[in-house]
K.L.:
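Got a structure for you, questions after.
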There are 2 protein chains.
Amino acid sequence: MDDPANSRPDRPERGSFVSAGDVAERAGVSRSAVSRTFSGAGSVSAATRRKVMKAAEELGYHANHLARGLTGEPSDIVCLIAADIGQPFQARMLEQVTRHLQLRGKVAMVINTAGDGDSVSHALRQSLHYRAEASVVLTGTPSEKLVQTCLSNGQRVVLVNRDDEAPGVDRLRVDNDRACVEALALLRRAGCERVACVSSRARTTSLLSREAAFSRAAEAAGLTLDLTRAGPTSYETGAESARLLLGRAAPPDGVFCVTDLLALGFMDAARHVFGRRIPEDLCVIGFDDVPQASWTSYELTTFRQPIEEFAERIAAVLTSDEVGHSEVLEVLPVWRSSVRMA
Amino acid sequence: MDDPANSRPDRPERGSFVSAGDVAERAGVSRSAVSRTFSGAGSVSAATRRKVMKAAEELGYHANHLARGLTGEPSDIVCLIAADIGQPFQARMLEQVTRHLQLRGKVAMVINTAGDGDSVSHALRQSLHYRAEASVVLTGTPSEKLVQTCLSNGQRVVLVNRDDEAPGVDRLRVDNDRACVEALALLRRAGCERVACVSSRARTTSLLSREAAFSRAAEAAGLTLDLTRAGPTSYETGAESARLLLGRAAPPDGVFCVTDLLALGFMDAARHVFGRRIPEDLCVIGFDDVPQASWTSYELTTFRQPIEEFAERIAAVLTSDEVGHSEVLEVLPVWRSSVRMA
DNA sequence: TTGTACGCGTTATCAC
DNA sequence: GTGATAACGCGTACAA
């Protein structure tokens with residue numbers, strides 16, 4: 001009265017995935033019974049459920065989420081688009097975002113871009129191919145048109161730290177301006193008279209807006225500003241910037257770096273190439289608060305991007321009904337010893 | 001003689017994905033024509049192709065890879081299972097692996113595990129749910145049984161830096177033993193007499209095997225070894241280890257840290273808490289060669305894990321036919337100034 | 001409670 | 001060169 005084919009020669013070694021049909025056949029029930037058992041909808045008798053579970057176990061069955069998403073249910077796939085994910089800040093962001101997405105039952109598809117518009121657009125197209133229910137753009141600026149395509153296909157689109165308005169997209173960003181104004185204030189309070197801003201050749205929204213905000217603040221204070229963009233956003237570029245700025249006749253005594261990585265490289269070159277004491281001879285401020293900023297060799301004064309809060313909010317926004325959400329998170333100043341206190 | 005419904009009121013604003021059927025309808029052709037246009041298989045006349053492309057463009061159509069994978073073709077999804085992806089080494093690994101997978105037309109699904117066996121198993125199940133064509137385990141040890149399920153479902157399974165044998169899985173690892181023997185030799189050549197090993201409480205295969213190899217080498221040299229495991233694998237644990245070891249009556253003058261992060265923390269505490277000069281008073285060796293190891297404040301002598309080669313090989317193995325591939329990559333010693341030269 | 005039948009988006013096969 | 005049709009694995013109305 002029960003299933004034949006119990007001799008286990010079925011096909012557990014085949015090179016193909018086990019389907020609900022295979023399980024049904026082995027358990028001697030219908031496909032629907034299997035579906036009901038795993039989806040929880042409808043009702044199944046204890047006996048049937050047992051048979052199904054046994055067969056599934058033996059065959060190594062796992063429901064196909066992809067086929068499930070075919071009928072219209074959300075795919076639970078969220079596409080994360082980012083560049084430079086090997087760098088401390090981006091890596092931590094990725095870690096927290098994946099973690100929070102997983103907490104809400106989503107799974108992250110990570111697309112590593114070069115940051116330019118072309119590769120971001122390519123990434124966005126991938127996200128459509130895989131029917132991601134949302135795309136989170138952590139780096140780069142996607143074409144407006146493609147974003148609209150995503151939206152009209154029913155995707156959620158979240159832009160992180162981008163200033164541009166766009167109807168329908170969700171935006172989360174940090175208040176760069178306020179932090180940069182405070183950065184200048186810190187340097188002035190420390191008695192710095194010749195300030196400089198160290199940036200990079202990467203023209204990302206965040207960096208541009210920090211440059212601009214700091215410049216405005218300096219101008220408002222009647223200071224002339226030395227602005228350097230010696231290369232990509234990296235430790236090495238920070239060091240190179242120090243070589244450029246500190247070799248001059250009237251070198252700066254207060255430096256704002258738009259990124260911690262730049263600041264750390266700047267500090268190392270300032271100390272070990274030019275023999276500057278920090279903060280006695282030179283004050284340095286960074287941005288992001290990467291883990292290395294708190295290391296004893298640096299003790300860098302910086303501004304903390306609330307990564308965990310970002311991640312939590314991104315996940316929350318994606319699972320909410322409200323679209324076009326816009327939110328500004330606070331950056332916390334972190335006082336350490338790279339700026340004189342007096 | 002051409003399509004009606006050209007007034008563009010169709011449904012570009014609907015909350016659902018555009019299908020090939022929608023495109024076919026608008027272009028006034030059959031679904032097959034659309035399919036052929038995008039898959040490249042079969043042949044389509046220039047005129048038809050033009051009509052299809054136009055309609056697809058207007059509607060914002062993107063082929064559904066998920067439905068494509070339904071019929072048996074590979075999904076092109078590769079599942080990456082890792083913990084601590086915010087840390088420099090893991091982050092760089094992730095960056096390179098995603099990059100090389102993308103070069104081969106694959107897309108990465110990243111699952112962030114807490115590192116314990118349970119969540120690795122959960123991750124592996126997710127990879128089955130999404131019909132990933134392969135799972136790459138970068139951290140943690142999955143249950144043997146589940147790995148077999150993956151294999152019998154036709155998945156490739158790649159284990160990175162794991163020593164356990166298993167039929168059917170592909171393995172890529174680094175030769176820890178040789179590097180650790182060389183680490184001891186470096187310390188002895190520098191004249192160190194009291195050596196210590198700084199490890200962490202995380203019992204991962206790599207760390208265990210480095211501990212063991214260094215211990216064996218020390219024993220073979222007739223040295224007693226101080227082994228410390230003060231916490232998780234982090235900068236802070238490195239610093240804490242320095243506090244433990246350097247406060248003793250006969251502190252070590254040569255230290256091997258199983259990870260760069262531990263070594264960097266150790267160096268900072270040794271210098272700034274205990275006033276040790278490196279390498280004059282104390283030699284330090286790390287492992288991994290994370291970017292920070294080359295920073296001027298550290299100049300850490302270490303062993304380079306060939307991350308890019310790892311990534312390239314992983315991608316290559318996944319796209320090859322050979323299964324059960326096993327490969328050992330070379331670790332390159334990187335001489336910097338944290339060890340006396342002679 | 002259970003099974004049958006259908007739809008989801010795609011590709012492959014076949015007849016035209 | 002083209003279009004109808006079946007198949008893939010799943011969820012789910014609907015009927016038994």
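Lettering of chains follows the sequences in order, A, B, ..., and the numbering in each one begins at 1.
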K.L.:
Are any of the side-chain heavy atoms of B:Gln102 and A:Ile111 separated by less than 4.5 Å?
P.N.:
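They are in contact (side-chain heavy atoms under 4.5 Å apart), so the answer is yes.
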K.L.:
Between P on D:dC8 and NE2 on A:His65, what's the gap in Å once rounded to a whole number?
P.N.:
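Whole-Å distance recorded here is 22 Å.
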K.L.:
May I have all residue pairs that pass salt bridge (charged side-chain N to carboxylate O under 4.0 Å, His left out) and include part of residues 118-144 of chain A, sequence neighbours excluded?
P.N.:
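Found A:Lys106-A:Glu133.
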K.L.:
Is it the case that B:Ser127 and B:Gln155 place a side-chain donor and acceptor less than 3.5 Å from each other?
P.N.:
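There is such a pair (donor and acceptor under 3.5 Å, judged by atom type) between the side chains of B:Ser127 and B:Gln155.
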K.L.:
Tell me: CG of B:Asn153 to P of D:dG9, nearest whole Å?
P.N.:
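Those two atoms, CG and P, are 12 Å apart.
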K.L.:
Counting heavy atoms from C-beta on, name the nucleotide in D:dC10, D:dG11, C:dT10 closest to the side chain of A:Asn64.
P.N.:
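That would be D:dC10.
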K.L.:
CD of B:Glu73 versus C1' of C:dA12: gap in Å, rounded?
P.N.:
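Atom CD in B:Glu73 sits about 9 Å away from atom C1' in C:dA12.
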K.L.:
Nearest of D:dC10, C:dG9, C:dT11 to any side-chain atom of A:Ser19?
P.N.:
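Nearest to the side-chain atoms of A:Ser19, counting from C-beta on, is D:dC10.
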K.L.:
Among the nucleotides D:dG9, C:dT10, D:dT2, which one has an atom lying closest to any side-chain atom of A:Leu70?
P.N.:
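So the nucleotide nearest the side chain must be D:dG9.
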K.L.:
Record whether the side chain of B:Ser32 comes under 3.5 Å of the base of D:dA4 through a donor-acceptor pair of N or O atoms.
P.N.:
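Side chain to base: pair found, below 3.5 Å.
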K.L.:
Rounding to an integer number of Å, can you tell me how far A:Arg31 CZ sits from D:dT12 C1'?
P.N.:
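Taking atom C1' of D:dT12 as the reference, CZ of A:Arg31 is at 14 Å.
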K.L.:
Taking OH from A:Tyr61 and P from D:dG11, how many angstroms apart are they, rounded to a whole number?
P.N.:
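Computing the A:Tyr61:OH to D:dG11:P distance gives 6 Å.
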K.L.:
What integer distance in Å separates A:Arg50:CZ from C:dT1:C1'?
P.N.:
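After rounding, the reported distance stands at 15 Å.
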K.L.:
Using only heavy-atom distances, decide whether a donor-acceptor pair under 3.5 angstrom links the side-chain of B:Arg131 to the base of D:dG9.
P.N.:
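No pair found.
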K.L.:
Find the distance A:His129:NE2 to C:dG9:P and express it as a whole number of Å.
P.N.:
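So the two atoms are 16 Å apart, to the nearest Å.
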K.L.:
Could you check whether B:Ser43 gets within reach of a base, just the sugar-phosphate, or nothing at all, counting any heavy atom under 4.0 Å?
P.N.:
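Result for B:Ser43 = base.
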K.L.:
What is the distance, to the nearest angstrom, from the CG atom on A:Leu128 to the P atom on C:dG9?
P.N.:
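Atom CG in A:Leu128 sits about 15 Å away from atom P in C:dG9.
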K.L.:
Could you say whether B:Thr71 or B:Ala46 is positioned toward the 5' end of DNA chain D, judged by the nucleotide with the nearest heavy atom to each?
P.N.:
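Upstream on the strand: B:Ala46.
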K.L.:
Would B:His129 and B:Gln126 count as having a side-chain donor-acceptor pair, cut-off 3.5 Å?
P.N.:
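Distance-only check fails for B:His129 and B:Gln126.
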K.L.:
Does C:dT2 have OP1 or OP2 sitting under 4.0 Å from an N or O in the side chain of A:Thr48?
P.N.:
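Yes, such a contact exists.
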K.L.:
Does any part of the side chain of A:Phe310, heavy atoms only, come nearer than 4.5 Å to the side chain of A:Leu329, both counted from C-beta?
P.N.:
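They are in side-chain contact.
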K.L.:
Give a yes or no on whether a donor-acceptor pair under 3.5 Å exists between the nucleobase atoms of D:dG3, that is its base, and the side chain of B:Arg36.
P.N.:
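Indeed there is one.
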K.L.:
Which part of the nucleic acid, if any, lies within reach of B:Val34 when heavy atoms closer than 4.0 Å are counted: base, sugar-phosphate only, or nothing?
P.N.:
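No contact.
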K.L.:
Taking the minimum atom-to-atom distance to the side chain of B:Ala33, which one of D:dG3, D:dG11, D:dT2 wins?
P.N.:
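The closest nucleotide is D:dG3.
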K.L.:
Indicate, yes or no, whether a donor-acceptor pair under 3.5 Å links the base of C:dT4 to the side chain of A:Ser30.
P.N.:
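When only heavy-atom distances are counted, A:Ser30 does not reach the base of C:dT4 through any donor-acceptor pair under 3.5 Å.
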K.L.:
Would you indicate which nucleotide in C:dT1, D:dG9, D:dG3 comes nearest to any side-chain atom of A:Ser45?
P.N.:
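That would be C:dT1.
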K.L.:
Can you confirm whether B:Val160 sits close enough to B:Arg173 that some side-chain heavy atom of one is under 4.5 Å from a side-chain heavy atom of the other?
P.N.:
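Not in contact.
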